[in-house]
Amino acid sequence: MPELPEVQTITSDLKKYFENSTIDDVKISGEYNVYPDRKFFLAHTKNVQISSINRIAKNIVFELENGYFMVFHLAMTGRLLIRALNQKPDKWTKITFTLKKNNKSVEVRFCDMRMFGKAVLYSKEELEKMKQKYGPEAHKGSIDAKEFAHRLNSKRTTIKNALLDQSIISGLGNIYATDSLFLARIHPETKTQNIDTKSAAKLLEAAKLILNEGIEHRGSTLEDAMYVDAFGKPGTHQNYFRIYGKKTCINCSGKVSVKKINGRGTYFCSFCQILLEGTKKPPVL
DNA sequence: ATGTTTGTTCCGAT
DNA sequence: CATCGGAACAAACA
C-alpha cells in the first residue's frame with residue numbers, strides 16, 4: 001500500500017511522540033516471523049530506548065540506543081497504529097509494542113493483512129547496506145535531470161517499470177508513478193532508452209510535485225481504506241489524483257486507457273501522453 | 001469463481 | 001554473467 005507520502009506521514013506521526021521513549025514490552029502474535037529471528041528481535045528491543053525515528057525510502061526506521069535499528073516495511077497492507085492501552089484489538093495485529101514516555105504508556109501496533117510487510121532488526125552495518133540499495137529520493141533535489149536520464153538510459157525496460165525500481169529512484173509506487181507520467185505527459189510504455197534529458201527533467205519535476213502534494217495531503221486512501229496514518233485516519237490525496245483510477249482525462253476529456261504494464265495497473269491518456277520514439281536508424285543503402 | 005489490489009524479491013529465460 | 005519479466009508471497013473484496 002504505502003508509497004513514500006504514506007510512509008512519511010506515519011513516520012512523522014511516530015517521530016513526534018516516541019523519540020526518547022522506552023520500549024517496555026514487545027509481543028509478537030502467533031507464529032508471525034520477524035528478522036533475523038524472534039529471540040534476537042525481542043532481546044534487543046525490549047527495555048530499550050528509542051533515539052530517533054526516521055524514514056529511509058519506504059522504510060520506517062527506529063534508531064535504538066543500543067546501536068540497533070528496528071525497521072518496518074509496510075509493503076501493501078502494513079500499518080503502524082498508536083493506541084491506548086487495552087483499546088480494542090486491531091485486526092491483523094502482528095506485533096504490539098508498549099512504549100513509555102514521561103511515565104505514560106501507550107501501544108504501537110504493527111498490523112499487516114497480507115503479510116508482505118516486514119519487521120527487521122539491523123545492525124549499523126546492515127542498515128548502511130540496506131540504504132545502498134536505494135537510488136536518490138524522487139521528491140528531493142538530490143538528483144539532476146542529466147544524471148536521472150543517464151540512469152534511465154542504462155536500462156532496457158519501460159519508463160513506468162523504471163519508476164517503480166527503487167534502485168533507480170526511490171519513493172514512487174504504482175499510483176504516484178502513474179500520476180507523475182501523466183503530469184509529465186510521457187507515455188508509460190516509452191522505452192527508458194528514449195528518455196532524453198529534457199523529458200527526464202519534466203518527469204523529475206512532476207514526481208517531486210506529486211510526492212510533495214501527497215505528503216501535504218497525508219497520503220492516499222483508496223476505497224478499501226487499507227492505508228491509514230498512525231492515528232487510524234485516512235489521507236486525502238485520493239481527491240487529487242490526476243489520472244490514477246479515472247475514466248476520463250482531466251486534460252482532454254478523452255477516455256483514459258488502462259493497461260497492465262509489468263503486472264501493474266497503469267492508467268494513461270493516449271492522446272495527452274506522448275510515446276517517445278528512438279531515433280530511427282537510417283536505412284543502409 | 002475469478003480478477004483485483006498502494007510492494008518487493010526471487011527464479012527462470014534471454 | 002547480467003538483466004528483465006513474471007510468479008510468488010497472502011488476504012479480502014467485488
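Quick note: numbers below take in every heavy atom, side chains included, and nothing from hydrogens, waters or symmetry partners. Order of the sequence lines fixes the chain letters, A, B, ..., with proteins taken first and strands second; residue numbering starts at 1 for each chain.
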Side chain to side chain donor-acceptor pair (under 3.5 Å) assessment of Asp165(A) paired with Ser167(A): CA-CA 5 Å; Asp165(A) 183 339; Ser167(A) 70; 2.7 Å; yes

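When DNA chain C is scanned 5' to 3' for any atom under 4.0 Å from a heavy atom of chain A, the first and last hits are dC4(C) to dA12(C).
Residue-level contact check: Phe241(A) touches neither bases nor backbone, having no heavy atom under 4.0 Å from any strand. Counting non-hydrogen atoms under 4.0 angstrom, Asp224(A) reaches a base of the nucleic acid. Within 4.0 Å (heavy atoms only), Gly263(A) reaches no atom of the nucleic acid at all. When heavy atoms are screened at a 4.0 angstrom cut-off, Lys91(A) is found touching no nucleic acid atom at all. Nucleic acid contact class of Gly117(A) (heavy atoms, under 4.0 Å, all strands): none.
Using P as the reference atom, dA12(C) and dT8(B) are 22 Å apart when rounded to the nearest Å. Here the separation of dT6(B) from dC4(C), taken at their C1' atoms, is 23 Å to the nearest Å. Using atom P as the reference point in both dC1(C) and dT9(B), the two lie 23 Å apart (nearest Å).
None of Val120(A), Ile50(A), Ile23(A) except one satisfies the side chain to side chain contact (heavy atoms under 4.5 Å, CB included) rule with Met70(A); the exception is Ile23(A). Under the salt bridge (charged side-chain N to carboxylate O under 4.0 Å, His left out) test applied with Asp13(A), the options Arg218(A), Arg79(A), Arg55(A) reduce to a single match, Arg218(A).
Taking atom CG on Asn161(A) and atom P on dG7(B), their separation rounds to 13 Å, with Å as the unit. At whole-Å resolution of the value, CE in Met76(A) and C1' in dT8(B) are 10 Å apart.
Between Arg264(A) and dT4(B), a side-chain N or O to OP1/OP2 separation shorter than 4.0 Å is absent. Distances shown here put a side-chain N or O of Lys58(A) below 4.0 Å from the OP1 or OP2 atom of dT8(B). Contact annotation: Lys118(A) side-chain N/O to dG7(B) OP1/OP2 distance is not under 4.0 Å. Between His73(A) and dG7(B), a side-chain N or O to OP1/OP2 separation shorter than 4.0 Å is absent. Contact annotation: Tyr227(A) does not reach the phosphate of dT5(B) (side-chain N/O to OP1 or OP2, under 4.0 Å). Contact annotation: Gln166(A) side-chain N/O to dG7(B) OP1/OP2 distance is not under 4.0 Å.
Base pairing analysis places dA10(C) opposite nothing; no Watson-Crick or G-U wobble pair with both distances below 3.5 Å involves it. Across all strands shown, dA2(C) forms a Watson-Crick or G-U wobble pair, both distances under 3.5 Å, with dT14(B).
Annotation: side chain of Ser123(A) is in contact with side chain of Tyr68(A) (closest heavy-atom distance under 4.5 Å).
The aromatic rings of His237(A) and Tyr240(A) lie parallel to each other, their planes meeting at an angle below 30°, with 60° marking the opposite boundary.
By the neighbour-count criterion of 12 heavy atoms within 6.0 Å, atom NZ of Lys100(A) is sparsely surrounded, having that number or fewer from other residues, nucleotides or ligands.
Aromatic ring centroids of Tyr176(A) and Tyr244(A) lie 6.0 Å or more apart.
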